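All remarks here apply to the structure that follows.
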Amino acid sequence: MAEHLLANMQFDQPRAALESDLIQALSESDLIEFEWSATVETECELLGTYTRRPPRIRVARRQRTARANFTAAHEFGHHLQQQDEDWAMELADLRRAQTAMTRHVEEAVSNHVAVLLLMPDDVVHAAWTGTLTPAFVRALTRGGLVSRQAATMRASRWARTDDPNAVLIVADPTTGLVLSSESADTSSLARPPKGSIQSDFRTLTAGAEGSRGATEGFVYSTNTSRSDITYDWGWDADGTHLLIVARPTYRFGDAQWDRDDLECVSANCDSIFARQNAVLCRTCLLHKCPDCGTCGCEKRRGTTCMECGFEMSLREAQLGDKHEECPF
């Protein structure tokens, strides 16, 4: 639908001008008002609004250039949807039946319009080498004009024919937190859950950018993990987040699934527990043993006995400075 709207748009600025400098083209249009605003009150996750009568796009200034460009392009997508009479009627019918679904459809189409305008086919084709890579994603950010989120969306969709099983992930390098992931619906590799902690991602930066095999693999909420995965990783354009392209290691054969069980790190505890049953320590990023509470943080030394020098229990320390009965 987004491509249809762009191909049939009735607008006084050519598509090439919108693709070259979107905000400049909107500012020079006589058919729509574009304005910067100190604040924008909106239910949309983007800091911008579109009003139909008169057509007006307002974008908040308090955002980075790449984010502002995407916001403006997204709101222009809403304008195109309202200007296409047939599509507007379909949305009206859908709104009467399912209000929540209508909003989801409108937002998705506007996002797609923004992606196509900010990363036109000629730009994407020039950067494409036949395989989805972190370098391809970085090239689509166009030197800071396009946000990382938009670039990952466009890169993943472009690659789905030639690289159908690839999963494109943005992750935090310190915690291994998955910020977003994209893949084809038909990919044989399921995406790691957004917001999940993936231990493998924390160790990628120990080596050079490039390809490496998984250790633990993708950890899922079903207490299973898949380890037959190869990562191709690199930094994003800002050098702050990981861009990871994950693929099944073997093109043919069965997937390698494992139970996602963890062993307590304490030498005094032999517990084995499911990751999903344990609490993640936000300091050391290891899971706390449900039985003894041990994680990877250094344990504080307790009170020692004045007689034998060995550590006392909490109860004994509250009662005095000696063991009730020294072990030696």
Side-chain angles (χ1 to χ4, degrees), residues 1-121 123-124 140-142 144-154 157 180 182:
M1 177 49 65
E3 186 58 62
H4 167 80
L5 293 174
L6 287 169
N8 295 279
M9 68 177 180
Q10 301 295 316
F11 198 58
D12 60 349
Q13 299 293 313
R15 181 169 176 174
L18 292 166
E19 293 173 346
S20 176
D21 191 333
L22 180 97
I23 290 179
Q24 181 67 29
L26 292 177
S27 300
E28 294 177 353
S29 172
D30 294 326
L31 299 181
I32 193 169
E33 294 181 32
F34 176 84
E35 61 183 49
W36 295 102
S37 176
T39 59
V40 174
E41 295 184 4
T42 175
E43 296 179 358
C44 180
E45 62 180 10
L46 301 176
L47 297 177
T49 59
Y50 169 72
T51 53
R52 183 180 181 185
R53 296 176 181 171
R56 179 186 293 115
I57 291 174
R58 300 177 67 209
V59 176
R61 286 190 180 277
R62 64 175 192 277
Q63 50 189 326
R64 299 175 62 181
T65 299
R67 191 65 171 173
N69 286 336
F70 190 86
T71 300
H74 174 93
E75 300 306 335
F76 183 65
H78 283 296
H79 173 71
L80 294 183
Q81 291 186 73
Q82 293 300 318
Q83 298 304 308
D84 188 289
E85 294 185 2
D86 292 338
W87 178 243
M89 290 296 293
E90 287 189 39
L91 288 177
D93 292 339
L94 185 60
R95 190 175 293 111
R96 283 190 288 268
Q98 302 182 55
T99 304
M101 178 61 71
T102 306
R103 180 175 177 79
H104 174 76
V105 170
E106 285 185 274
E107 295 298 315
V109 171
S110 287
N111 281 341
H112 197 192
V113 167
V115 165
L116 293 176
L117 284 177
L118 296 174
M119 292 161 285
D121 285 353
V123 171
V124 181
L140 296 190
T141 61
R142 300 176 69 184
L145 295 178
V146 180
S147 68
R148 181 183 61 234
Q149 180 182 2
T152 55
M153 291 169 57
R154 181 69 156 134
R157 286 174 178 163
S180 66
E182 298 277 343

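Everything quoted here is computed from the prediction, not taken from an experiment.
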* To do: Would you check, one step at a time, whether the test side-chain contact (heavy atoms from CB on, under 4.5 Å) holds for Gln83 with Leu31?
  => CA-CA 11 Å; Gln83 298 304 308; Leu31 299 181; over 6 Å; no
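- The heavy-atom pair separating Val146 from Ala151 by the smallest distance is CG1-N, 4.1 Å.
- Qualifying salt bridge (charged side-chain N to carboxylate O under 4.0 Å, His left out) partners for Asp21, counting only residues two or more places apart in sequence or in other chains: none.
- Between Ala2 and Val109 the shortest heavy-atom distance is CB-O, 4.1 Å.
- With sequence neighbours excluded, the residues forming a side-chain contact (heavy atoms from CB on, under 4.5 Å) with Glu106 are His78, Gln81, Gln82, Leu91, Arg95, Thr102, listed by chain and number.
- Checked against Ile23 for a side chain to side chain contact (heavy atoms under 4.5 Å, CB included), the options Val59, Thr65, Asn69 give a single hit: Asn69.
- Residues satisfying the side-chain hydrogen bond (donor to acceptor under 3.5 Å, both in side chains) criterion with Arg142, sequence neighbours excluded, are absent altogether.
- The heavy-atom pair separating Ser110 from Gly77 by the smallest distance is OG-C, 3.4 Å.
- In this structure, Met9 CE and Phe76 CZ are separated by 5.0 Å, a value rounded to the nearest 0.5 Å.
- If you take CZ on Arg64 and OG on Ser147, they are separated by 9.5 Å, rounding to the nearest 0.5 Å.
- Interatomic distance, CG of Leu117 versus CG of Leu6, reported as 5.0 Å (0.5 Å rounding).
- Considering NE2 of His79 and OG1 of Thr51, their distance stands at 10.5 Å, rounded to 0.5 Å.
- Note on residues 78-87: no pairs pass salt bridge (charged side-chain N to carboxylate O under 4.0 Å, His left out), not counting sequence neighbours.
- The shortest side-chain heavy-atom distance between Leu118 and Leu145 does not fall under the 4.5 Å cut-off.
- Atom CZ in Arg157 sits 9.5 Å away from atom OG1 in Thr152 (nearest 0.5 Å).
- Between the side chain of Arg62 and the main chain of Ala38, a donor-acceptor pair closer than 3.5 Å is present.
- Every side-chain hydrogen bond (donor to acceptor under 3.5 Å, both in side chains) that Gln63 has, sequence neighbours left out, goes to Thr71.
- The shortest non-hydrogen separation linking Ala72 to Ile57 is O-CD1, 4.1 Å.
- The list of salt bridge (charged side-chain N to carboxylate O under 4.0 Å, His left out) pairs with a residue in residues 5-16, not counting sequence neighbours, reads Glu3-Arg15, Arg15-Glu19.
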* In sequence, state the C-alpha distance, the side-chain angles, and the governing distance for Phe11 and Ile32, and then conclude on side-chain contact (heavy atoms from CB on, under 4.5 Å). => CA-CA 9 Å; Phe11 198 58; Ile32 193 169; 3.8 Å; yes
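- Looking at residues two or more places apart in sequence or on another chain, you find a salt bridge (charged side-chain N to carboxylate O under 4.0 Å, His left out) between Arg96 and Asp93.
- Residue pairs meeting the ring-ring contact (aromatic ring centres under 6.0 Å, His included) criterion with at least one partner in residues 13-38, sequence neighbours excluded, are Phe34-Trp36.
- Considering only residues two or more places apart in sequence or on other chains, Glu35 meets the side-chain hydrogen bond (donor to acceptor under 3.5 Å, both in side chains) condition with Arg58.
- Listed by chain and residue number, nothing satisfies the side-chain hydrogen bond (donor to acceptor under 3.5 Å, both in side chains) test with Glu90 (two or more places apart in sequence, or in another chain).
- Applying the side-chain contact (heavy atoms from CB on, under 4.5 Å) criterion to Pro54, with sequence neighbours excluded, gives Glu33, Arg56.
- Atom NE2 of His74 sits about 14.0 Å away from atom NE2 of His112, to the nearest 0.5 Å.
- Inter-residue side-chain proximity for Arg154 and Leu116 is flagged as met; some heavy-atom pair is nearer than 4.5 Å.
- For Asp30, the salt bridge (charged side-chain N to carboxylate O under 4.0 Å, His left out) criterion is met by no residue, not counting sequence neighbours.
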